[in-house]
Structure formats: structure tokens, C-alpha cells
Protein chains: 2
Amino acid sequence: MSKYDCLKLENQLCFPLYACAKAVTRHYKPLLDEFDLTYTQYITMMVMWEKKSASVKEIGECLYLDSGTLTPLINKLESKGYIEKHRSDDDARGVVVTITEAGKKLRDKMVKVPTAMGGCVALSEEEAGELYTLLYKILNHFDEIDAE
Amino acid sequence: MSKYDCLKLENQLCFPLYACAKAVTRHYKPLLDEFDLTYTQYITMMVMWEKKSASVKEIGECLYLDSGTLTPLINKLESKGYIEKHRSDDDARGVVVTITEAGKKLRDKMVKVPTAMGGCVALSEEEAGELYTLLYKILNHFDEIDAE
DNA sequence: TAAAAATAAATTGCATACAATTTAATTGCA
DNA sequence: TGCAATTAAATTGTATGCAATTTATTTTTA
């Protein structure tokens, strides 16, 4: 019982969160290498599969990423042929990102990825649900703080 | 109900994990800026506060980091005066990192950080415990997989 | 309506992460 | 013993992340 206990690694909640997130993306790598995508590129494609078309700002809001991360990432996805960029007609400051046919086809090939990854995580359906709820509770609270 | 549902961002467990870990380290930043430490430097100091002395390899095992990340990070902590590096007597391949007096003093100043951060996370004691358990369940399972 | 404020991307700079390679030293075994 | 295999750090290269600044454009407002 020391006043320093709060600074012990084993008493942190943030550390397993940090370590777990890294472990997950690390274990995604071999699955995604097959498609020549990084994890961040993969979740960006998830946004594009759902939206078909979105501004950099909108993608950033979905993924909690800013233009500093997204601009080079989107350029890479464009050079791979999965998306296209063009200036917005409505607002010349904005860039609209649109999914290509190749990008849509990629979706069919990648449907097997989540199942393959799910096998790694080893939580029951119920535990996964609990974790999901707790993580979004934290995320939503941060959103509220940041909105101020 | 589409076969693509598994590729929706909202159905991912890994994404909130990834986003949450980033949000947490982002919210640590203003607290750690005061001490001129990054989050990774902070958790490295946690290991040093507990162990007083450890090899780069041991630190890496605690934090799930490799020498590619730790070598430059440890050099920075050394230049700040919080730790010292020297070759191991037992094994000249190894480097032993030791905490300095300044490093020990830093601990006293930083005891308030975990409380300040805890206020941000907004989970009950019980929820925090659940999350902790679930995260280590995933981490431990990855450790088992990786040990093979 | 013209200047000020705000906004969207891009750019710059710094700090991770981590795979892969290299270097130096140690182990293990033939 | 002597060399092959292993190991610990360091190094190299690529890809984030994100704060801060810059540029171009749009909105607000005096």
C-alpha cells in the first residue's frame, strides 16, 4: 500500500487498452497484407464501402482522424485504384472521395477478414458485447468533452 | 441483412478499441506535456519506477514494444536525465537501463496524473474492473498465440 | 459589401510502432 | 575447441497519429 500504487503499470486501465489495440492491429497485419492494405487503409475502405462518397472531413469524423493522417492515406488508396478524389462542386475548399469499381470489388474479397480476425480475439459473444458497450461509453464521453 | 454487414464499422469490435486507445493517449497529452513526457515515455518511466533497473528486452516485454521503438525512446529519457544506460556486465550484448535520482523525484510529481486521467474516463469502479478483465483476457490470449 | 472570422485540406515536424536487417556477443553442440 | 545458431540492441524504412501552420475558399458581420 504505497502512494505510488496508482503509478504501477498493473493498476492502469489505459495501458491494457493501449497494448490491446496495438496487439489487435498487429494481428490484423498478416490478414491485410494479402490485400496490400494497412489497418488504417482498411477501416477507411469500410467508410467508403458504406458511404460510396464522402469528404475528407466526413471520413475523419467517422474514424477520429485528421487531414494530417488522412491526406497521405487517401492518396495511397487512390494510387491503388480503390478510390478517386475530386474537388467538391458545392464548396471548393472540400475534397470529395468516391469509391471506384475496383474498390467495390475489393469488398467481396475482404468479407472473410472479420471472421478470420474474430477467431483471434477469443471472447464469447456476451463478453464481446460488454466490451463493445464499455468502449463506446468511453468514446462517447470523450466526444462530449471535446464538443465543449 | 447483407453479407457485407460484417465489414460495417459499427459492427467492429476492433475499431472502438483502436479509437478508444487513441482518444485516451490524446487526452493524456495535456497532463503529460507539463512534465515534457509523451505517453510512451510515461509508461516506460512506470516500468523504471517499479524495477529501478531493467534491460531493454525486459522493458519491451512489459510494454509490448521492441528495440526499434525503445532504443530512441530510451535515448530521449536519458537525455532528459531520468535514466542511465550502460552495458551489462553479465552479457555484453545487453544494455541495462537504471533510474536516476531525477527520475525518482519525477515520480513524486506525477502521482497526481492517474487521478486526473481517471476523471476523464467516466466509468464506474465496477465497469472499469470489467473492462480491465476483458482487455487482459484478449491480451493474454494473444500472448499464448504468439508464444507458439 | 468589404474586411474579419471560420473552415477544409494540405503541409510540416516530431514521436511512435513495427518489420526487416545488421552488428556484436553468447550459447550450444558436434 | 570451434563453428553454427541464437540472442540483444541498434539501425533502416515505411506508415501512422497528431499538433501547428499554411493556403484557398466561404461565411459572418460590422
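Everything quoted here is computed from the prediction, not taken from an experiment. Numbers restart at 1 for each chain; the letters A, B, ... are given by sequence-line order, proteins then strands.
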Using the six-membered ring wherever Trp is involved, compare the ring planes of His27(A) and Phe142(B) and label them parallel, tilted or perpendicular (cut-offs 30° and 60°).
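Ring orientation of His27(A) relative to Phe142(B): parallel.
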Please work out which of the three classes, parallel, tilted or perpendicular, describes the rings of Trp49(B) and Tyr42(B), given edges at 30° and 60°.
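Taking Trp49(B) first and then Tyr42(B), their aromatic rings stand perpendicular (interplane angle over 60°).
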Could you grab the distance from atom OH of Tyr18(A) to atom CD of Gln12(A), nearest 0.5 Å is fine?
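One finds 13.0 Å between OH of Tyr18(A) and CD of Gln12(A).
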What's the spacing between Leu13(B) CG and Glu127(A) CD if we round to 0.5 Å?
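That separation rounds to 11.0 Å.
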Under 4.0 Å, counting only non-hydrogen atoms across every strand here, what does Thr69(A) touch: a base, just sugar-phosphate, or nothing?
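Base contact.
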Distances under 3.5 Å between protein N/O atoms and the N/O atoms of nucleotides 20-29 of chain D, please, pair by pair.
unit_1: dT26(D); atom_1: OP1; unit_2: Ala92(A); atom_2: N; d: 3.2

Is any side-chain heavy atom of [X] closer than 4.5 Å to a side-chain heavy atom of [Y]?
X: Leu135(A); Y: Leu131(B); result: yes
X: Leu77(A); Y: Leu73(A); result: yes
X: Leu9(B); Y: Leu63(A); result: yes
X: Leu37(B); Y: Leu106(B); result: yes

Who passes salt bridge (Lys or Arg N to Asp or Glu O under 4.0 Å) against Lys80(A), sequence neighbours left out?
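Applying salt bridge (Lys or Arg N to Asp or Glu O under 4.0 Å) to Lys80(A) gives Asp36(A).
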Does one side chain, of Asp143(A) or Tyr64(A), offer a donor that lies under 3.5 Å from an acceptor on the other?
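Checked: Asp143(A)/Tyr64(A) side chains pair up, N/O donor to acceptor below 3.5 Å.
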Helix axis bend for the helix from dT1(C)-dA30(D) to dA30(C)-dT1(D) - C1'-based end axes, five pairs, 10° rounding
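It comes to 10° between the two terminal axes.
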Name every residue in residues 73-83 of chain B that has at least one heavy atom under 4.0 Å from any atom of DNA chain C, in order of residue number, or write none if there are no such residues.
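Listed by number, they are Leu73(B), Lys76(B).
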Mind running a 4.0 Å heavy-atom check of residues 44-64 of chain B against DNA chain C and sending the residues that fall below it, in number order?
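Hits under 4.0 Å, by residue number: Tyr64(B).
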For the student: nearest non-hydrogen atoms of Ala102(B) and Gly81(B), plus distance
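Taking every non-hydrogen atom into account, CB-O, 3.6 Å.
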Restricting to side-chain contact (heavy atoms from CB on, under 4.5 Å), what partner residues turn up for Glu58(A), sequence neighbours left out?
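Result, side-chain contact (heavy atoms from CB on, under 4.5 Å) vs Glu58(A): Ala54(A), Ser55(A).
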Nucleotide of dT16(D), dT16(C), dA9(C) approaching Thr71(A) most closely (side-chain heavy atoms):
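The nucleotide sitting nearest to the side chain is dA9(C).
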